[in-house]
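Bear in mind the structure is a predicted one, so any value in this text is a computation, not a measurement.
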Amino acid sequence: AYTVFHFGANPNTGWSSLVNLQRASDDNYFRDLSSRLAVATQTFLPSDVLLTYASGRGGLWNVTGRAQKWQTLQDPLNPVVEPYNRLPQFTGNYLRSQLGPLDFNAFGEFVAFDTDQSFLPTGRRGIAYPSLSMPLLRPGGYITPKIGYHYTAYNL
C-alpha cells in the first residue's frame with residue numbers, strides 16, 4: 001500500500017501549517033505497480049511537518065519549525081545511501097524596511113541532521129545572516145547596495 005496525505009492551512013491568525021506524509025508498504029511497491037519509468041524509479045518518499053508563524057508588527061518577521069524524515073525504497077541490486085533527516089529544523093527571518101534610508105534583514109537557522117545509517121556522521125548546523133541594504137529607486141532603474149555577514153557553524 002502507498003499512502004499520501006497532504007494537509008495545509010493558512011488562517012488569518014498568522015499561523016500556517018503543512019503536513020505531507022508519503023509511505024509505501026515495501027521497497028518494490030512502485031516497480032510492481034507502475035510501468036512509467038519516473039514512478040517505477042522513485043527512491044525517496046518524504047514526510048514533512050511544518051508550522052509557521054508570521055507577523056507584520058514592528059517589521060515583517062516569520063518563524064518556522066520543521067521535521068522531515070525520508071523512507072528509502074532500496075533496490076538490492078543498486079543500493080543507495082539514505083538522505084539525512086532534518087529533526088528538527090528552525091528558521092527565522094526579520095525585515096525592517098525604511099530604517100531611515102536603510103533596510104535591515106536578519107535570517108537565522110538551526111537544523112539537526114540525523115540518519116539511521118551508523119557509518120554516516122550526524123550533526124547540527126547554525127546559520128546567522130544579518131544585513132543592511134539601501135534601495136536606490138529612480139524612474140527607469142534601481143540599484144540596491146547591500147552589506148551583510150554570513151556565519152555558518154557545524155557540529156559533527
Side-chain angles (χ1 to χ4, degrees), residues 2-24 30 34 36-73 80-156:
Y2 176 64
T3 305
V4 177
F5 175 71
H6 296 281
F7 172 75
N10 193 0
N12 293 328
T13 63
W15 289 96
S16 61
S17 62
L18 169 75
V19 177
N20 173 25
L21 303 175
Q22 297 184 35
R23 287 287 178 248
F30 292 110
S34 180
R36 292 187 347 203
L37 183 62
V39 174
T41 59
Q42 189 167 356
T43 305
F44 305 113
L45 298 178
S47 290
D48 287 292
V49 177
L50 284 102
L51 182 63
T52 300
Y53 182 77
S55 175
R57 288 182 264 162
L60 300 173
W61 61 273
N62 64 60
V63 291
T64 299
R66 178 184 193 182
Q68 180 183 49
K69 195 164 173 74
W70 298 88
Q71 178 184 7
T72 303
L73 306 179
V80 296
V81 176
E82 295 180 8
Y84 279 91
N85 302 312
R86 292 185 246 190
L87 297 170
Q89 179 182 19
F90 299 104
T91 59
N93 198 31
Y94 176 77
L95 173 63
R96 175 74 177 172
S97 295
Q98 301 170 347
L99 203 62
L102 301 174
D103 290 346
F104 172 73
N105 184 258
F107 171 80
E109 178 190 53
F110 170 81
V111 61
F113 296 100
D114 193 17
T115 181
D116 296 331
Q117 309 243 344
S118 61
F119 62 91
L120 292 175
T122 60
R124 291 166 173 63
R125 178 183 68 204
I127 297 174
Y129 180 44
S131 64
L132 284 172
S133 60
M134 188 170 64
L136 302 171
L137 308 172
R138 302 288 182 260
Y142 68 92
I143 187 169
T144 306
K146 180 177 180 180
I147 187 167
Y149 179 74
H150 185 214
Y151 176 79
T152 301
Y154 290 90
N155 182 356
L156 300 177

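Taken from CG in Asn105 to CG in Leu99, the straight-line distance is 12.0 Å, to the nearest 0.5 Å. Considering OG1 of Thr52 and CG of Asn93, their distance stands at 11.5 Å, rounded to 0.5 Å. Taken from CD1 in Ile147 to CG in Leu102, the straight-line distance is 11.0 Å, to the nearest 0.5 Å. The distance from the OG1 atom of Thr115 to the CG atom of Leu87 is 10.5 Å, given to the nearest 0.5 Å. Rounding to the nearest 0.5 Å gives a distance of 11.0 Å between CG of Leu45 and CG of Leu21. Note: Thr91 OG1 to Asn62 CG = 6.5 Å, rounded to the nearest 0.5 Å.
Annotation: side chain to side chain donor-acceptor pair (under 3.5 Å) contacts of Ser133 (sequence neighbours excluded): none. For Asp48, the salt bridge (charged side-chain N to carboxylate O under 4.0 Å, His left out) criterion is met by Arg66, not counting sequence neighbours. Ser131 meets the side chain to side chain donor-acceptor pair (under 3.5 Å) test with no other residue; sequence neighbours excluded. With sequence neighbours excluded, the residues satisfying side chain to side chain contact (heavy atoms under 4.5 Å, CB included) with Val80 are Thr43, Phe44, Thr72, Gln74. Residues meeting the side chain to side chain contact (heavy atoms under 4.5 Å, CB included) test with Asp114, sequence neighbours left out: Thr122. Taking Leu136 as the reference, Met134, Ile143, Pro145 meet the side chain to side chain contact (heavy atoms under 4.5 Å, CB included) condition, with sequence neighbours excluded. Here Arg86 pairs with nothing under the salt bridge (charged side-chain N to carboxylate O under 4.0 Å, His left out) rule; sequence neighbours left out.
Here the closest heavy-atom approach between residue Ser17 and residue Leu51 is recorded as CB-CD1, 4.1 Å. Taking both residues in full, the closest heavy atoms of Phe90 and Gly65 are given as CD2-CA, 3.8 Å, listed atom of the first, atom of the second, then distance. Nearest heavy atoms, Pro135 versus Pro101: CD-O, 3.9 Å. Across every non-hydrogen atom of Pro121 and Tyr84, the tightest pair is O-OH, 2.7 Å. The minimum heavy-atom distance between Glu82 and Asp116, with the atom names listed, is OE1-CB, 4.3 Å.
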Residues Tyr53, Trp61; criterion side chain to side chain contact (heavy atoms under 4.5 Å, CB included); working and verdict: CA-CA 8 Å; Tyr53 182 77; Trp61 61 273; 3.5 Å; yes
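Pairs engaging residues 118-137 under the salt bridge (charged side-chain N to carboxylate O under 4.0 Å, His left out) rule: Glu109-Arg125 [sequence neighbours left out]. Pairs of residues two or more places apart, or lying in two chains, never qualify as ring-ring contact (aromatic ring centres under 6.0 Å, His included) while including a residue from residues 106-126. Within the structure, the side-chain hydrogen bond (donor to acceptor under 3.5 Å, both in side chains) test picks out the following pairs touching residues 146-156 (sequence neighbours left out): His150-Thr152.
No side-chain heavy atom of Tyr94 sits less than 4.5 Å from a side-chain heavy atom of Pro130. For the pair Gln68 and Val111, the minimum side-chain heavy-atom distance is 4.5 Å or more.
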